[in-house]
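By convention in this document, chain letters (A, B, ...) are assigned in the order of the sequence lines, proteins followed by strands, and residues within each chain are numbered from 1. Every value quoted in this text rests on a predicted model; they were computed, and no experiment measured them.
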Amino acid sequence: MASFLKPLTWLDGIRRLRARKELPTTLGSRDLQMLDAGLKRWAVFSAKVENARALQKINQVVEEIIRGVTPEDEAARSAGVRPLKLSLPDAKLKLRDRFEQLGVRTTDPDHIGTLQDPQSDARLSLIVETQEQLAHGYGTYMATQDEDLLDMWPCWELTRVSPSRVPRGFREGPQGAVQRVPGDSWPERWKKAGGEIYDGRMIALKNSVIWERLGDPTIFDDALGNPYPPFAFNSGMDVRDVSRDEAERLGVIKRNAPAPKPNKRAIAEDINASAANFEPALRRALEADPTLAMDGDVLTLAR
Amino acid sequence: MYVVDNASQVLIGLSISLKDRAQLHKFVATALTNLVKDHFAQMAMTNRNKFGVRSTFWRRQRAACKSEWSDTAAAVVMNREVAQRFYGGTITPKKSKWLTIPQNRKAYGKAARFFKDLRVVKLKTGGLGLFRFVKDQDPELYYLLRKSVKQLGSNDVLPNPQQIEDATRTIVTQYLTRRGLA
């Protein structure tokens with residue numbers, strides 16, 4: 001059995017996820033400001049799910065979904081035991097059952113089954129998938145903080161990796177007509193964050209401040225506060241590595257320019273996230289999310 | 001006559017560079033992970049389930065890809081679901097007696113137990129189905145119950161061997177170029 005040298009940085013993200021605390025979002029903004037940024041970062045934000053035990057369950061469920069990548073799982077695999085991962089439908093079911101047990105539900109009958117209902121499929125999907133993406137996003141971010149890798153792949157490209165019926169920059173209007181929302185598309189956000197376009201592509205150095213800005217809720221009200229994807233709910237956007245050769249050819253960096261320095265700062269210092277930002281971010285998602293449809297004041301899953 | 005030996009220096013450098021296998025494998029593993037992730041992104045952009053609903057499956061598989069390396073190997077680590085789609089094979093239930101195969105877009109992406117009003121009905125065609133009974137509406141088939149399902153494998157799930165070879169050649173060349181050896 002080969003002894004691998006470098007899955008550890010990626011696994012750091014998973015370890016952090018497993019170690020994180022749950023943070024009910026009933027805290028006021030002043031209370032939140034007083035909290036350590038690291039605690040905020042690693043808290044499980046879940047859009048007004050206020051019950052600490054419910055939040056703890058979210059944490060456990062996400063951990064089970066990404067199971068198979070922890071050091072314990074690696075050891076189990078070496079011993080011939082295959083860890084059983086939790087599927088997405090099972091994860092949602094577990095959460096739903098736990099929420100029901102704890103009485104976490106909407107009190108407004110009009111919201112039952114909609115995204116505002118913590119027990120709805122739409123809401124559970126949003127919680128589980130966003131948390132899963134954050135865990136993977138952090139893992140990828142940490143894995144790239146390596147001098148050699150930064151030298152060979154110094155840039156990221158912001159790119160779409162999942163289709164969106166109504167992408168950012170548009171919203172669904174009456175009778176399903178798609179309407180433009182000026183200034184909100186990803187290329188417009190990119191420019192607003194100070195990014196440049198190279199040959200029609202959104203590319204920047206991995207240590208560019210643009211990544212922090214894209215995830216900064218003080219700049220974009222649906223941002224989640226990460227300097228790595230997902231920058232916003234259900235955006236379908238992610239980053240991909242751009243090699244030095246390509247970056248030089250496109251003029252993003254000069255020939256033989258030094259590689260970006262690994263980010264040695266504690267991740268907590270980079271984060272502007274707070275639980276207080278989650279709710280406006282969710283509200284924005286409600287307005288523009290492609291999988292949702294507005295029926296009067298009631299949001300429903302469009303698909 | 002003078003013979004200027006430039007080759008020795010290059011060969012020594014090449015030998016040193018290639019001796020550090022773990023370093024080389026780190027680049028190869030990362031390059032191939034990037035290739036696989038790009039491939040999954042393409043699949044995510046076009047993938048629809050059988051009900052025409054866009055699926056998050058390939059986006060999730062892309063996010064879960066990571067590279068690992070040692071002095072003897074460079075690897076792209078993917079979820080087991082990818083291997084299932086690549087090699088195919090028989091799927092059997094692990095935690096319950098039956099597999100529930102969605103037959104209705106409302107059932108897609110949800111566990112059968114998510115619905116509280118499903119009933120098992122014997123189908124005319126044989127086998128069992130889970131129907132949802134809602135007052136004043138016709139019963140709807142939500143899931144078929146199966147003891148096992150055979151899935152066909154597909155080579156299209158991963159980049160083809162030529163793409164993998166090209167990506168490997170490119171990154172090794174870049175690696176040596178960065179060290180002034182190519």
Crowding at [atom1], [X] (>12 non-hydrogen neighbours, <6.0 Å):
X       : atom1 : answer
K254(A) : NZ    : no
R249(A) : CZ    : yes
D138(B) : CG    : no
F115(B) : CZ    : yes

Is [X] in contact with chain A via its backbone, its side chain, both, or neither, using a 4.5 Å heavy-atom distance?
X       : answer
R178(B) : side chain
A31(B)  : both
D38(B)  : side chain

With a 4.0 Å cut-off on N to O distance, would you call R59(B) and D238(A) a salt bridge?
no

Is the closest basic N to carboxylate O distance between D241(A) and K37(B) below 4.0 Å?
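Not counted as a salt bridge, because no side-chain N and carboxylate O are separated by less than 4.0 Å.
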
Between atom OG1 of T177(B) and atom CG of D245(A), what is the distance when rounded to the nearest 0.5 Å?
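Output value for this atom pair is 7.0 Å.
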
To the nearest 0.5 Å, how far apart are CZ in F27(B) and CG in D151(A)?
7.0 Å

Quick one, [X] and [Y] - any side-chain contact, counting heavy atoms below 4.5 Å?
X       : Y       : value
R62(B)  : R240(A) : yes
R244(A) : Q174(B) : no
K110(B) : L93(A)  : no
P163(A) : R48(B)  : yes
W153(A) : I171(B) : yes
V161(A) : F40(B)  : no

Main-chain N/O of A111(B) paired to K92(A) side chain as donor or acceptor, under 3.5 Å
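Flag not set: sc K92(A) to bb A111(B) has no pair under 3.5 Å.
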
If only atom types and distance count, is the side chain of R96(A) paired as donor or acceptor with the main-chain N or O of F114(B) below 3.5 Å?
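Yes, because the side chain of R96(A) sits within donor-acceptor range (under 3.5 Å) of the backbone of F114(B).
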
Under 4.5 Å heavy-atom distance to chain B, tell me which part of D97(A) shows up: side chain, backbone, both or neither.
side chain

